[in-house]
**Q** 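Got a structure here, written out as structure tokens. Questions coming.
Values in this document were obtained by computation on a predicted structure and should not be read as measured data.
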Amino acid sequence: MMFVHGDDQPVLVLDDDQSWRLLEHTNHGRLATTVGGIVDIFPLNYAVMDRTIYIRTSPGEKLAALTVNDHVAFEADGILSDEAWSVVVHGVAHQLQTQAEIEAARASGVSPWIPTHKEAWVKIEVSKITGRHFRLGAQPEADTGN
């Protein structure tokens, strides 16, 4: 098991360091944006470096949404046979503009999954991170008092 749960509890609230470690060891997640009261969720790959999330994208809805409202939520998770985890961050997304910013982002190692050109670089500066780890198993039966 990845984390030790106290008192045999099925849910463990993770601290910031534990949450960041999980984000650093996966590369797929979902970005949530809001424009005009409409929430959109985009699956994407990412990388973490220095507690900043980096993504590469191309022009389209996702990038347009970030220019209208830069406040975002990002979620990543993992599921194994007997355990699972979920980390959610809130922050501000910025499209990188300068060559120096882009070179720094390249060092994160993020790379597109599909053979398309994704030359827009975005970083998410995280203001809040929360995570939970779950021990999977059958739901206990309710005590009916019989």
Side-chain angles (χ1 to χ4, degrees), residues 1-140:
M1 178 150 303
M2 197 177 297
F3 296 101
V4 176
H5 292 230
D7 299 325
D8 202 33
Q9 293 296 311
V11 180
L12 173 67
V13 175
L14 302 175
D15 64 29
D16 289 3
D17 290 335
Q18 292 168 319
S19 297
W20 277 111
R21 275 196 306 274
L22 289 170
L23 284 184
E24 289 166 353
H25 289 95
T26 192
N27 58 10
H28 53 85
R30 284 154 296 286
L31 178 71
T33 63
T34 305
V35 176
I38 305 296
V39 177
D40 264 321
I41 299 175
F42 302 94
L44 50 78
N45 63 308
Y46 71 95
V48 172
M49 186 174 66
D50 299 328
R51 295 195 171 195
T52 299
I53 297 170
Y54 291 94
I55 62 175
R56 288 177 72 170
T57 190
S58 55
E61 287 182 52
K62 183 183 342 161
L63 198 55
L66 298 176
T67 62
V68 173
N69 182 357
D70 59 1
H71 293 272
V72 298
F74 178 84
E75 188 266 346
D77 53 30
I79 302 171
L80 301 171
S81 62
D82 62 344
E83 63 185 312
W85 60 268
S86 178
V87 174
V88 175
V89 303
H90 293 92
V92 177
H94 302 284
Q95 183 175 355
L96 304 181
Q97 301 294 330
T98 69
Q99 195 59 37
E101 289 175 315
I102 292 169
E103 287 307 313
R106 281 186 198 282
S108 73
V110 67
S111 180
W113 282 350
I114 57 175
T116 59
H117 292 285
K118 298 193 185 259
E119 298 306 322
W121 291 82
V122 175
K123 74 176 179 179
I124 301 172
E125 295 175 340
V126 176
S127 58
K128 179 181 178 184
I129 185 168
T130 59
R132 294 187 291 168
H133 184 264
F134 310 98
R135 278 192 9 245
L136 302 180
Q139 175 179 319

**Q** Begin from the C-alpha positions of L22 and L14 and carry the test side chain to side chain contact (heavy atoms under 4.5 Å, CB included) through to its verdict.
**A** CA-CA 10 Å; L22 289 170; L14 302 175; 3.4 Å; yes
**Q** Please test D17 against R51 for salt bridge (Lys or Arg N to Asp or Glu O under 4.0 Å), starting from the C-alpha separation and ending with a verdict.
**A** CA-CA 10 Å; D17 290 335; R51 295 195 171 195; 2.3 Å; yes
**Q** Would you find a donor on one side and an acceptor on the other, under 3.5 Å apart, between the side chain of N69 and the backbone of T34?
**A**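 Indeed, once roles are kept as given, a pair shorter than 3.5 Å links the two residues.
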**Q** If you compare all heavy atoms of R56 against all heavy atoms of P112, which two are closest, and at what distance to 0.1 Å?
**A**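 What the structure gives for the nearest pair is NH1-CD, 3.8 Å.
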**Q** Out of curiosity, F42 CZ to T33 OG1, how far, rounded to the nearest 0.5 Å?
**A**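 Nearest 0.5 Å value for the CZ-OG1 distance: 4.5 Å.
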**Q** Over all heavy atoms of both residues, which pair between S81 and L136 is shortest? Give the atoms and the distance, please.
**A**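 In terms of heavy atoms, the two residues are closest at O-CD1, 4.0 Å.
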**Q** Is there a side chain to side chain contact (heavy atoms under 4.5 Å, CB included) between Y54 and I124? Walk through the geometry before answering.
**A** CA-CA 6 Å; Y54 291 94; I124 301 172; over 6 Å; no
**Q** Can you tell me if R135 uses its side chain to pair, donor with acceptor, with the backbone of Q9 under 3.5 Å?
**A**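 Between the backbone of Q9 and the side chain of R135 there is a qualifying donor-acceptor contact (under 3.5 Å).
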**Q** NZ/K123 to CD/Q95 distance, rounded to the nearest 0.5 angstrom?
**A**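 Rounded to the nearest 0.5 Å, the NZ-CD separation comes out at 12.5 Å.
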**Q** Which value, rounded to the nearest 0.5 Å, describes the distance between L12 atom CG and F134 atom CZ?
**A**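 Rounded to the nearest 0.5 Å, the CG-CZ separation comes to 9.5 Å.
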**Q** Would you mind reporting whether I55 and L31 have side-chain heavy atoms less than 4.5 Å apart?
**A**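 L31 reaches I55 side chain to side chain.
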**Q** Output the distance between atom CG (L44) and atom NE2 (H28), rounded to the nearest 0.5 Å.
**A**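 That separation rounds to 11.0 Å.
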**Q** Ignoring hydrogens and angles, tell me if any N or O in the side chain of Q18 forms a donor-acceptor pair with the backbone of D15 under 3.5 Å.
**A**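 Yes, because the side chain of Q18 sits within donor-acceptor range (under 3.5 Å) of the backbone of D15.
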**Q** Start with the C-alpha gap between K62 and D40, add the side-chain angles, then the distance that decides, and say whether salt bridge (Lys or Arg N to Asp or Glu O under 4.0 Å) holds.
**A** CA-CA 8 Å; K62 183 183 342 161; D40 264 321; over 6 Å; no
**Q** Do you know the tightest heavy-atom contact between G91 and S127?
**A**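 For G91 versus S127, the nearest heavy atoms are CA-OG, 3.8 Å.
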**Q** When you measure from the side chain of N45 to the backbone N and O of S111, does any donor-acceptor pair fall under 3.5 Å?
**A**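 Yes; at least one donor-acceptor contact below 3.5 Å.
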**Q** So, do H71 and H90 have ring centers that fall under 6.0 Å from each other?
**A**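 Judged by ring-centre distance (under 6.0 Å), H71 and H90 do not meet the cut-off.
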**Q** Counting only heavy atoms not in I38, do more than 12 sit closer than 6.0 Å to its CD1 atom?
**A**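 Atom CD1 in I38 is not packed in, count stays at 12 or less.
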**Q** For A47 and S108, work out which heavy atoms get closest and say how close.
**A**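 Smallest heavy-atom distance, with atoms named: CB-O, 3.4 Å.
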**Q** Drop me the distance from W85's CH2 to H25's NE2, to the nearest 0.5 angstrom.
**A**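 Going from CH2 on W85 over to NE2 on H25, the span is 10.5 Å.
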**Q** Going by the side chain to side chain donor-acceptor pair (under 3.5 Å) test, name the single residue among E75, H133, R132 that passes it with S86.
**A**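 Checked E75, H133, R132 against S86; only one passes side chain to side chain donor-acceptor pair (under 3.5 Å): E75.
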**Q** Checking side-chain polar atoms at under 3.5 Å, does Q97 have a donor or acceptor matched by the opposite partner on E101?
**A**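 Not at all, the side chains of Q97 and E101 share no donor-acceptor pair under 3.5 Å.
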**Q** Among V89, V110, V72, which residue meets the side chain to side chain contact (heavy atoms under 4.5 Å, CB included) test with I53?
**A**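 Among the candidates, only V89 passes.
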**Q** Just verifying a value: how many Å separate F74 CZ and Y46 OH, rounded to the nearest 0.5 Å?
**A**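 Result: 5.0 Å between the selected atoms.
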**Q** Run the salt-bridge test on R106 and E103 with the 4.0 Å N-O cut-off and return the result as yes or no.
**A**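 Yes.
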**Q** For the residue pair F3 and H5, what are the closest heavy atoms and their distance?
**A**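 So the minimum-distance heavy-atom pair works out to O-CD2, 3.5 Å.
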**Q** So which heavy atom on S19 is nearest to which on I129, and how close?
**A**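 Reported closest heavy-atom pair: CB-CD1, 3.6 Å.
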**Q** Backbone N or O of L23 within a donor-acceptor pair of the T26 side chain at under 3.5 Å?
**A**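 No; zero donor-acceptor contacts below 3.5 Å.
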